[in-house]
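Convention: sequence-line order gives letters A, B, ...; per-chain numbering from 1.
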Number of protein chains: 2
Amino acid sequence: MSGLSIGQVAERTGLSVHTLRFYEREGLLPQPVRRGAAGHRIYDEGDVDWLGVCIRLRASGMPLTDIRRYTELVRAGQGNEAERLEVLREHRERVLAQMRELDECLSLITHKVALYESRLGLRDHVPDCTP
Amino acid sequence: MSGLSIGQVAERTGLSVHTLRFYEREGLLPQPVRRGAAGHRIYDEGDVDWLGVCIRLRASGMPLTDIRRYTELVRAGQGNEAERLEVLREHRERVLAQMRELDECLSLITHKVALYESRLGLRDHVPDCTP
DNA sequence: GCTTGACCTAGAGTCGGCTCTAGATTCTAC
DNA sequence: GTAGAATCTAGAGCCGACTCTAGGTCAAGC
């Protein structure tokens, strides 16, 4: 039980094997993945954890180039914590902005949903809006 | 004051004139934009309002094809309100899911930010986390 | 009357992020 | 030992959403 194949990691992370190789090529892993005798990738838990972080960063809209930049900082080792922090803070601001924006969109959509529901008589108590 | 040029609409909406033409080609407007003598587009307030809705839908991740579908329903006129409602409800679900996801991402990021802040001594009271 | 700038169309190009293909090798199960 | 599945690399292809280009029309100001 000393490592996972790319297929197993794909299953765990939800990424495709194609994407896993692609991410590696793109420099999204701090260390190159260990290889077995035949050249097959062998992932360890640390790799999987890191990929989990990458997935979260992607899911929150961080572009691959920024993830790579952050990865490079981590790869470079201690001493650049301030830079890492900056990358993360900037991203957090963007995420917060995105959440605010989503909130506004949500209220528009919710408003429209309510409007159509009332128009279709799906609501007993129609809110005061133009019919 | 009977209408706006494409340039004025670009300025108001924040979309580029290219994008405005592109959206029209893609069928994102319920009616084709009115044209002046020289074939220039003349937008009215209704067009701008509709574009505002499109922008919100896009900003919340709705793909152009879905916006087009919704637009087609609106264009088709009364009688398909149930379908419109369905489109909107589905999208709302996706938005809510996206918000939940963003929330998770945010807590990861915030956690990491706190970690680096404490590592850099930017915090007086370090939360109980692995140093 | 001529330049400048906003507009027009059709279509090509770009960019990010995957996704797939081809052709070869290797592991697994029988 | 052999069939079938998984892996490898290099590189091409695809998709969504713009973004830009070329070549042309038109109106207004100088």
Side-chain angles (χ1 to χ4, degrees), chain A residues 1-29 32-44 47-48 51-71 91 94 98 101 105, chain B residues 1-29 32-44 47-48 51-71 91 94 98 101 105:
Chain A
M1 104 128 295
S2 62
L4 299 161
S5 72
I6 194 169
Q8 290 171 315
V9 174
E11 205 164 336
R12 281 206 195 186
T13 58
L15 298 172
S16 72
V17 295
H18 294 299
T19 302
L20 284 169
R21 289 193 277 248
F22 169 69
Y23 277 7
E24 191 180 347
R25 271 210 303 276
E26 292 293 300
L28 262 55
L29 292 176
V33 178
R34 211 173 89 228
R35 299 299 182 117
H40 292 191
R41 290 169 179 82
I42 301 174
Y43 293 80
D44 59 30
D47 295 322
V48 176
L51 283 167
V53 174
C54 292
I55 289 167
R56 281 273 145 86
L57 293 176
R58 277 295 301 131
S60 51
M62 188 183 272
L64 291 185
T65 49
D66 291 8
I67 302 182
R68 174 167 44 227
R69 185 164 172 307
Y70 181 63
T71 305
H91 184 55
R94 281 195 302 268
Q98 203 184 333
E101 178 147 50
C105 298
Chain B
M1 104 131 289
S2 61
L4 298 161
S5 74
I6 194 170
Q8 290 170 318
V9 174
E11 205 165 334
R12 280 206 195 186
T13 59
L15 298 172
S16 71
V17 294
H18 294 300
T19 303
L20 284 169
R21 289 193 278 247
F22 170 67
Y23 277 8
E24 191 180 345
R25 271 210 301 278
E26 291 292 300
L28 261 55
L29 291 176
V33 179
R34 210 173 91 228
R35 299 300 182 115
H40 293 190
R41 291 169 179 81
I42 301 173
Y43 293 79
D44 59 31
D47 296 322
V48 176
L51 283 167
V53 173
C54 291
I55 288 168
R56 281 272 145 85
L57 293 175
R58 278 294 303 128
S60 52
M62 187 184 272
L64 291 186
T65 50
D66 292 9
I67 302 182
R68 174 165 45 228
R69 184 165 172 305
Y70 180 63
T71 306
H91 185 56
R94 282 195 301 270
Q98 203 185 333
E101 177 146 51
C105 299

Proximity to the side chain of B/Val17 - top-ranked nucleotide from C/dT19, C/dT9, C/dC7: C/dC7
For atom CZ of A/Arg21 and atom C1' of D/dA10, their distance in whole Å: 11 Å
Salt bridge (charged side-chain N to carboxylate O under 4.0 Å, His left out) between A/Arg58 and A/Glu26, worked out: CA-CA 14 Å; A/Arg58 277 295 301 131; A/Glu26 292 293 300; over 6 Å; no
5′-ward residue of the pair B/Ala37/B/Pro63 relative to DNA chain D: B/Pro63
Whichever of B/Ala38 and B/Gly61 has its nearest DNA chain D nucleotide further upstream toward 5': B/Gly61
Donor on one side chain, acceptor on other, A/Ser5 and A/His40, under 3.5 Å: no
Atom-pair distance (CD on B/Glu11; C1' on C/dC7), nearest Å: 15 Å
Any A/Ser5 side-chain nitrogen or oxygen under 4.0 Å from OP1 or OP2 of D/dA6: no
Minimum side-chain heavy-atom gap B/Leu57-B/Asp66 below 4.5 Å: no
Rounded interatomic separation in angstrom, taking CZ from A/Phe22 and P from D/dC8: 17 Å
Rounded distance (Å) that lies between atom C1' of C/dA6 and atom CD of B/Gln8: 11 Å
Rounded interatomic separation in angstrom, taking CG from B/Leu20 and P from C/dC7: 10 Å
5'-most by nearest nucleotide on DNA chain C - B/His40 or A/His18: B/His40
Nearest-angstrom distance from the residue atom OH of B/Tyr23 to P of C/dT9: 18 Å
Atom pair distance, as rounded to whole Å: CZ in B/Arg41 and P in D/dT25: 17 Å
Touch class at under 4.0 angstrom, heavy-atom based, for B/Arg25 against every strand present: base
Within-4.5 Å side-chain heavy-atom neighbours: B/Phe22 and B/Leu64: yes
Any side-chain heavy-atom pair of B/Ile67 and B/Tyr23 under 4.5 Å: no
Atom pair distance, as rounded to whole Å: CZ in A/Arg68 and C1' in C/dC15: 13 Å
